[in-house]
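Notes follow once the structure below has been shown.
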Amino acid sequence: QVHLVEFGGDSVQAGGSLRLSCVVSGHTHSGYCMGWFRQAPGKQREAVAVIDSDGSTIYADSVRGRFTISKDNAKNTLYLQLNSLKVEDSATYYCAADEGRMTAIEGFEVWRDDPPHYWGQGTQVTVSS
């Protein structure tokens with residue numbers, strides 16, 4: 001069983017930055033495909049960024065070039081650096097994980113219809129103009 005806990009959500013002004021953290025317990029996350037999702041009120045949940053066990057990454061078009069996903073295996077922590085934040089980035093952000101050797105690209109595609117098994121509780125990001 002994998003347990004995920006997110007930290008770092010906050011209220012910031014447009015153009016600002018945040019770093020979200022997701023602490024993983026239960027298993028090391030070196031052998032998992034992991035990602036960040038977000039969901040705004042009234043909108044569908046969407047995958048934002050995915051990283052696989054080899055460290056390859058993929059991003060949604062809406063955040064590419066502004067957000068960076070990374071992980072520290074020694075600290076069992078997944079990160080999402082959010083830069084140049086926009087009002088439309090406001091949402092609850094969730095980290096998620098699946099066991100196995102999916103690549104980041106595979107995870108991004110598979111998770112559209114078959115969501116990851118493990119989820120955190122979410123952390124709120126609010127961006128004001």
> Would you call Lys86 and Asp89 a salt bridge, using N to O less than 4.0 angstrom?
Replying inline: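 No, no charged N to carboxylate O under 4.0 Å.
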Closest approach of [X] to [Y] (non-hydrogen atoms, all atoms of both residues):
X	Y	result
Arg101	Glu106	O-OE1, 4.3 Å
Ser56	Ala104	O-CB, 3.4 Å
Arg38	Ser62	NH2-OG, 3.4 Å
Arg66	Ser84	NH1-O, 3.0 Å
Ala97	Pro116	O-CB, 3.5 Å
Ala91	Ala40	CB-N, 3.9 Å

> In terms of ring plane angle, is the pair Tyr94 and Trp119 parallel, tilted or perpendicular, where the classes change at 30° and 60°?
Replying inline: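 Judged by the thresholds at 30° and 60°, the geometry between Tyr94 and Trp119 is perpendicular.
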> What orientation do Trp111 and Phe37 show, parallel under 30°, tilted 30 to 60°, or perpendicular over 60°?
Replying inline: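 Tilted: the ring planes of Trp111 and Phe37 meet at 30° to 60°.
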Hydrophobic cluster membership, with links at side-chain heavy-atom distances under 4.5 Å among I/L/V/M/F/W/Y: are [X] and [Y] in one?
X	Y	value
Leu82	Val50	no
Phe108	Leu78	no
Met102	Ile105	yes
Ile58	Leu80	no

Test your reading of the model: is there a side-chain donor-acceptor pair from [X] to the backbone of [Y], 3.5 Å cut-off?
X	Y	value
Asp52	Cys33	no
Tyr59	Ile69	yes
Glu6	Leu20	no
Ser90	Val127	yes

>> Can a side-chain donor-acceptor contact be found between Ser128 and Gln13 if the only test is distance below 3.5 angstrom?
In response: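 No, no side-chain donor-acceptor contact under 3.5 Å.
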Would you say [X] and [Y] make side-chain contact, with heavy atoms under 4.5 Å?
X	Y	result
Gln121	Val5	yes
Tyr118	Met34	no
Leu18	Phe67	no
Lys71	Val24	no

> Quick one: CH2 on Trp36 to OG1 on Thr123, what's the gap to the nearest 0.5 Å?
Replying inline: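 Reported value, rounded in 0.5 Å steps: 7.5 Å.
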>> Return the OG1 to CG distance between Thr77 and Leu4, rounded to the nearest 0.5 Å.
In response: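 With rounding to 0.5 Å, OG1 (Thr77) is 11.0 Å from CG (Leu4).
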